[in-house]
Amino acid sequence: MLKQLMKEKILVFPSFSLEVVTSLNLNLNEFLLLLYFWNYDNVSFDVVQISKIIKIGENEILKAFNALLGKKLITLDSFKDKNGKMMEVINLDNFYTLIDESLKKQEKEQEKVDIYTIFQTEFGRPISSMEYEIIRAWLEKGFSEELILGALKEAVYNGVSNLRYIDKILYEWQRKGYKNMNEVSNRNKQTKEEVKELFDYNWLDDNE
């Protein structure tokens, strides 16, 4: 008996999906049904078969199924098989999208952590809690990490380890409409060329 049970397929969620799953406020039946659909991808909605595997009554499965549909975590897609018979299968694309968005959010949060480490490295000291909040405020106001780190690089190049100085750089770039460091570099290059042309110009031959 035990050997037979051990041969049954184990239903699992990968660890990267658990944060999304726990945030959905699913009841136990909804969770188990979603777990089943995850492990049996593109499966038809066979209440009897599902009941045998996740050990839930058929009425409870129908309630959980309708709840997952209502929460738009799953859809029921219809198609014709090669014999022309109509088939219905469970589609988890909406759930996959939630997981993908969660992973991107986690990656973005990790990038935010990294930017503080870069500041500490460039300053050669730990940043204070106030400095941490200032950097976080820049990110929340829409300054890209690229621009923030570009302003940091310019400040360090000028021998300044001061967030107030970096703040002035950022808001000056914002005033000029710069969105990335390429725009900053291109404008600086253009300015240098204009200055060079000004000094190279032969004013003595100017007849106007």
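Nothing fancy with the numbering, it's 1 onward along the sequence. In this text, all values refer to a predicted model and were calculated from it rather than measured experimentally.
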Q: I need the minimum non-hydrogen distance between T75 and L69, along with the two atoms involved.
A: CA-CD2, 4.0 Å
Q: Closest approach of N162 and F123, non-hydrogen atoms and distance?
A: N-CZ, 4.2 Å
Q: Measure the CD-CG distance between E122 and L152 for me, rounded to the nearest 0.5 Å.
A: 5.0 Å
Q: Is there a donor-acceptor pair under 3.5 Å between the side chain of E183 and the backbone N or O of K179?
A: yes
Q: With rounding to the nearest 0.5 Å, note down the distance linking CD1 in I166 to CG in N158.
A: 10.5 Å
Q: The test is ring-ring contact (aromatic ring centres under 6.0 Å, His included); show your working for W138 and Y171 and say whether it passes.
A: CA-CA 10 Å; W138 289 336; Y171 279 97; 8.2 Å; no
Q: Other residues, nucleotides and ligands only: do more than 12 of their heavy atoms fall within 6.0 Å of NZ on K153?
A: no
Q: Apply side chain to side chain contact (heavy atoms under 4.5 Å, CB included) to V47 and L62, showing your working.
A: CA-CA 8 Å; V47 177; L62 289 172; 3.9 Å; yes
Q: Between L68 and L34, is any pair of side-chain heavy atoms under 4.5 Å apart?
A: yes
Q: What residues form a side-chain hydrogen bond (donor to acceptor under 3.5 Å, both in side chains) with K104, not counting sequence neighbours?
A: D100
Q: Please answer whether the main-chain N or O of L11 pairs with a side-chain N or O of N39 as donor and acceptor at a distance below 3.5 Å.
A: no
Q: Start with the C-alpha gap between F37 and F95, add the side-chain angles, then the distance that decides, and say whether side chain to side chain contact (heavy atoms under 4.5 Å, CB included) holds.
A: CA-CA 11 Å; F37 291 146; F95 184 52; over 6 Å; no
Q: May I ask you to decide whether E60 forms a salt bridge with K63, counting only side-chain N to carboxylate O separations under 4.0 Å?
A: no
Q: Is the distance between the ring centroids of Y36 and F45 less than 6.0 Å?
A: no
Q: Are Q49 and Y40 packed together at the side-chain level, in the sense that at least one heavy-atom pair is separated by less than 4.5 angstrom?
A: no
Q: Got a second to check how far S44's OG is from I50's CD1, nearest 0.5 Å?
A: 7.5 Å
Q: Provide the closest heavy-atom pair for N94 versus L73 in the form atom of the first, atom of the second, distance.
A: CB-O, 3.8 Å
Q: Any donor-acceptor pair under 3.5 Å linking the side chain of T121 with the backbone of T117?
A: yes
Q: Does N180 use its side chain to pair, donor to acceptor, with the backbone of N182 at less than 3.5 Å?
A: yes
Q: Answer yes or no: does atom CE of M86 have more than 12 heavy-atom neighbours from other residues, nucleotides or ligands under 6.0 Å?
A: yes
Q: Which heavy atom of N25 sits nearest a heavy atom of K71, and at what distance?
A: O-NZ, 3.7 Å
Q: Find out if a path of hydrophobic residues (ILVMFWY) with successive side-chain heavy-atom gaps under 4.5 Å connects M130 to V160.
A: yes
Q: Could you tell me whether a side-chain N or O of K55 sits under 3.5 Å from a main-chain N or O of K52, the two making a donor and an acceptor?
A: yes
Q: Using 0.5 Å steps for rounding, measure from the OH atom of Y116 to the OH atom of Y132.
A: 4.0 Å
Q: Is it the case that one hydrophobic cluster holds both V20 and L28, taking links as side-chain heavy atoms less than 4.5 Å apart, direct or via other members?
A: yes
Q: Taking it one step at a time, do N91 and L76 satisfy side chain to side chain contact (heavy atoms under 4.5 Å, CB included)?
A: CA-CA 6 Å; N91 186 319; L76 190 60; over 6 Å; no
Q: Can you give me the closest heavy-atom contact between L139 and E145, atom names plus distance?
A: CD2-CG, 3.6 Å
Q: Could you state the interatomic distance from CZ (F119) to CD1 (I127), rounded to the nearest 0.5 Å?
A: 8.0 Å
Q: Counting heavy atoms not belonging to Y157, are there more than 12 under 6.0 Å from its OH?
A: no
Q: Any Lys/Arg nitrogen of E172 or K176 sitting under 4.0 Å from an Asp/Glu carboxylate oxygen of the other?
A: yes
Q: Any chance you could lay out the side chain to side chain contact (heavy atoms under 4.5 Å, CB included) test for I61 and L32, step after step, and finish with the verdict?
A: CA-CA 9 Å; I61 289 174; L32 290 175; over 6 Å; no
Q: State the OG1-CZ distance between T22 and F13, to the nearest 0.5 angstrom.
A: 10.5 Å
Q: Between K105 and E19, is there a side-chain N and carboxylate O pair less than 4.0 Å apart?
A: no
Q: I'd like to know whether CZ of R125 has more than 12 heavy-atom contacts from other residues, nucleotides or ligands below 6.0 angstrom.
A: yes
Q: Which pair of heavy atoms, one from L147 and one from Y178, lies closest together, and at what distance?
A: CD1-O, 3.6 Å
